[in-house]
Trainee: 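Structure incoming, see below.
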Amino acid sequence: MTATFSRRAILPASAMLLGGLVEARAAPAPAENTPPPRILPAGIHRIAADQTIEGDLQLQPGAVLDIAAGATLRVLGEFAAPVARVFTGAGRVDLNQGRTPHAHPEWWGAAPGNGGVDSLPALTACLAAHPVLHLLPADYFLSDTWVIERPFVRVVGAGFRGTAAGAGTRLVVTNGTADVLRVGPAKRPRSVNDYPQNIVVTGIALCRAAPVGGDPARAPAGLRAEFLLFARFEEISAAEHGIGFVARGLVRSQMINCVAFRAIPGTQRGAPWRGFFLDGTQAIGLAGGNASLFLTDCNATIGGDPALGDNVGLLLEGAFADSFITNFETAGPATGIRVDGKTAEIGGRARDGHVNLHLHMPVLDQCGAVGIDIRDTSPQALIDITDPYIAAAPSAKAAIQCVAQRGAISIQGGQMVGGTNSRAGGGAVGLLARDSAGVQVNGLKILEHVAPLQLDRCRGFAVQAWVGASRDMRGPAASLRQCSRGSVALLLGCETAAYSAGVQLDSESRRLRIDTTGIDDAALGGGADSRVRIGNRSAAQARVADIVIEGA
């Protein structure tokens, strides 16, 4: 059946489309002043000009609305149709002002599970027609990046982390160089209040059907979120991309229970990888490159042998102010979390852009290089790390490393486990600080590290930590070289004489306070005389006036 759906045809008086059996199946009589529902049978119904339907519109199986170019169908009631293609033609559909609870891209021709059909046009048309888009537990194949810039929209999938058809919702880009999903404009709007607001995406896996490639300097991402206000991304996974998630210019926004994964080599072996990239290198008119960005219960994992170069679970680069990272977890990346202030590159923005960073309860397992790596921060930097858990892989260099950290950083509590590294013959340092200031440590527990504490050319620091080991680690528990204006208090208790000395100082260190009260002499190869050593001699033999040793 083919009918012309003209302006006259949608009037209640029309008998051609609304009479007979179709009229008999209509809903009960509507309330006063409410137009009766329109029910269209199977067939093609053509819309040649703009049409507005005040009441409900229901399509029976097989009914198709063919909308001419330049025409718009607007439904102010509820639109109901099978989850199949019901819209054809070059015209528009507008369900935005009606009572339709959500829309399906299948209405515009999306073909879940069919790799031969590009579902991108249907997704775009669907989100233009209605602010709430629902996806089936299936694969949607895309020829290019799906771009969402419309504010106040919600995209809802049926589950994430799926690896097979029907296991949740997957968006699959069919090439190796495009982002899968970009939310927000590519260029920064004039002001924060012009950013798209209240965009929510949940329950989706972002995948690709080809090995990742392209320019490593702008690696393709699973999700690229840019210049957004009050955005939320929850239960999103991003597998086999150059970068799992990019956040740039996100203001009062959240990423919750999002997962980045990599196991397959790309076209360029040795290319870098980032699970999450919080880009603060660009000015957005606020202190950080993001502002009040909350990353909660997120994970970055490497499996298999993806042949990566520098790989980082979470990278914060440039101005990182107002970032709140809670329960971030990694398994396998060489570096769990890296904070690179790039002070010279961002210039004056570093003054306010390096404050208010919080890393709370990160779980960083089997780090191949460094668990938490802090680099090049300004004298105004303020960083809080609370209750980290870091396990060093055999190749690890350090659990926590601070290089050119200026300002102030505090590490409260936390556990650093080095048994996998030390048993494999590694020499990982628990806490390594170099050319840094303002390092404050309280209640940190360091287990089975060959070198628990190492501070080189540091000043203005205070370290209180517990150190334990069950076998001979040979070197000192703490080593300080060319350090000044600092204090160290160790609780050192081992099952054997594990360390050669409690605290080892070089002759150039000055204005230090060393508390040896908590050092068990049985944990030292040299006994009581090796609680503190200065150069090659015990502190008693090489006492320096401005080095105060307590508990001797």
Side-chain angles (χ1 to χ4, degrees), residues 1-112 119-136 148-156 198:
M1 173 180 179
T2 301
T4 300
F5 195 20
S6 65
R7 182 179 300 276
R8 183 178 179 183
I10 66 172
L11 297 175
S14 171
M16 178 178 66
L17 298 180
L18 301 178
L21 178 61
V22 174
E23 185 69 27
R25 292 180 179 177
E32 187 176 356
N33 299 325
T34 300
R38 273 74 170 164
I39 302 175
L40 301 183
I44 300 175
H45 307 274
R46 302 192 187 281
I47 300 175
D50 290 352
Q51 305 293 329
T52 297
I53 297 179
E54 299 288 341
D56 298 344
L57 177 62
Q58 179 179 337
L59 273 59
Q60 292 190 328
V64 174
L65 296 174
D66 186 65
I67 307 171
T72 298
L73 170 64
R74 182 173 289 106
V75 180
L76 300 183
E78 180 176 352
F79 177 81
V83 183
R85 183 151 201 176
V86 297
F87 298 123
T88 60
R92 295 178 57 249
V93 178
D94 185 352
L95 307 175
N96 292 291
Q97 306 304 315
R99 296 192 302 274
T100 306
H102 57 263
H104 298 279
E106 286 78 7
W107 292 344
W108 284 265
S119 290
L120 181 57
L123 292 168
T124 302
C126 182
L127 202 57
H130 195 285
V132 181
L133 183 154
H134 278 201
L135 296 165
L136 298 178
I148 300 174
E149 296 184 0
R150 179 182 174 180
F152 295 94
V153 299
R154 180 181 294 263
V155 176
V156 181
N198 289 279

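Not measured: the values here are computed from a predicted model. Throughout, residue positions are numbered sequentially from 1 according to the sequence presented. Atom set for the values below is all heavy atoms of this structure, side chains included, hydrogens, waters and symmetry mates excluded.
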Trainee: Test side chain to side chain contact (heavy atoms under 4.5 Å, CB included) on V153 and L133 and set out the steps.
Mentor: CA-CA 8 Å; V153 299; L133 183 154; over 6 Å; no
Trainee: Indicate yes or no: at least one non-hydrogen side-chain atom of E54 is less than 4.5 angstrom from one of P35.
Mentor: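 Yes, side chains in contact.
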Trainee: Taking all heavy atoms of S119 and all of A111, pick out the closest pair and write down the distance.
Mentor: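 Scanning both residues completely, I find the closest heavy atoms to be OG-N, 3.1 Å.
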Trainee: Closest heavy-atom contact between P82 and P61?
Mentor: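 Scanning both residues, the minimum pair turns out to be CG-CA, 3.9 Å.
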Trainee: Could you tell me which non-hydrogen atom of A49 sits nearest to which non-hydrogen atom of A71, and how far apart they are?
Mentor: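 So the two residues come closest at C-CB, 3.7 Å.
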Trainee: Could you please spell out the steps behind the side chain to side chain contact (heavy atoms under 4.5 Å, CB included) verdict for V156 and L135?
Mentor: CA-CA 6 Å; V156 181; L135 296 165; over 6 Å; no
Trainee: Mind checking the CG-CD1 spacing from L57 to I39? Nearest 0.5 Å is all I need.
Mentor: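 Atom-to-atom, L57:CG and I39:CD1 are 9.5 Å apart.
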Trainee: Atom CG of D56 and atom CZ of F79: how far apart are they, to the nearest 0.5 Å?
Mentor: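 These two atoms lie 11.0 Å from each other.
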Trainee: Of all heavy-atom pairs between V86 and A81, which one has the smallest distance, and what is that distance?
Mentor: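 Between these two residues, the closest heavy atoms are CG1-CB, 4.0 Å.
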Trainee: With rounding to the nearest 0.5 Å, note down the distance linking CD1 in I67 to CZ in R46.
Mentor: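 One finds 12.0 Å between CD1 of I67 and CZ of R46.
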Trainee: Roughly how far, to the nearest 0.5 Å, is OG1 of T100 from CH2 of W107?
Mentor: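 OG1 of T100 is found 6.0 Å from CH2 of W107.
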Trainee: Students often mix this up, so state it plainly: with edges at 30° and 60°, are the rings of H134 and H102 parallel, tilted or perpendicular?
Mentor: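 It falls in the parallel class, under 30°.
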Trainee: So which heavy atom on A103 is nearest to which on C126, and how close?
Mentor: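 Closest pair (atom of A103, atom of C126, distance): CB-SG, 3.6 Å.
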Trainee: Quick check for you: to the nearest 0.5 Å, what is the distance between L73 atom CG and I47 atom CD1?
Mentor: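 CD1 of I47 is found 4.0 Å from CG of L73.
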Trainee: Check step by step if side chain to side chain contact (heavy atoms under 4.5 Å, CB included) holds for D94 and V75.
Mentor: CA-CA 7 Å; D94 185 352; V75 180; over 6 Å; no
Trainee: Rounded to the nearest 0.5 Å, how far does NE2 of H130 lie from CZ of R154?
Mentor: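 The distance works out to 12.0 Å.
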Trainee: Walk me through whether W108 and V93 qualify under side chain to side chain contact (heavy atoms under 4.5 Å, CB included).
Mentor: CA-CA 10 Å; W108 284 265; V93 178; 3.9 Å; yes
Trainee: Is the shortest side-chain heavy-atom distance between E106 and P112 below 4.5 Å?
Mentor: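 In short, these two side chains touch, coming nearer than 4.5 Å.
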Trainee: Measure the shortest side-chain to side-chain distance between I53 and L76 over non-hydrogen atoms and say whether it is less than 4.5 angstrom.
Mentor: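 Contact flag for I53/L76 side chains = no.
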Trainee: List the atom of G109, the atom of R85, and the distance in Å for their closest heavy-atom pair.
Mentor: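 Of all heavy-atom pairs spanning G109 and R85, the closest is CA-CD, 3.6 Å.
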Trainee: Using only heavy-atom distances, determine whether the side chains of D66 and T88 contain a donor-acceptor pair under 3.5 Å.
Mentor: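 The answer is yes; a qualifying pair exists.
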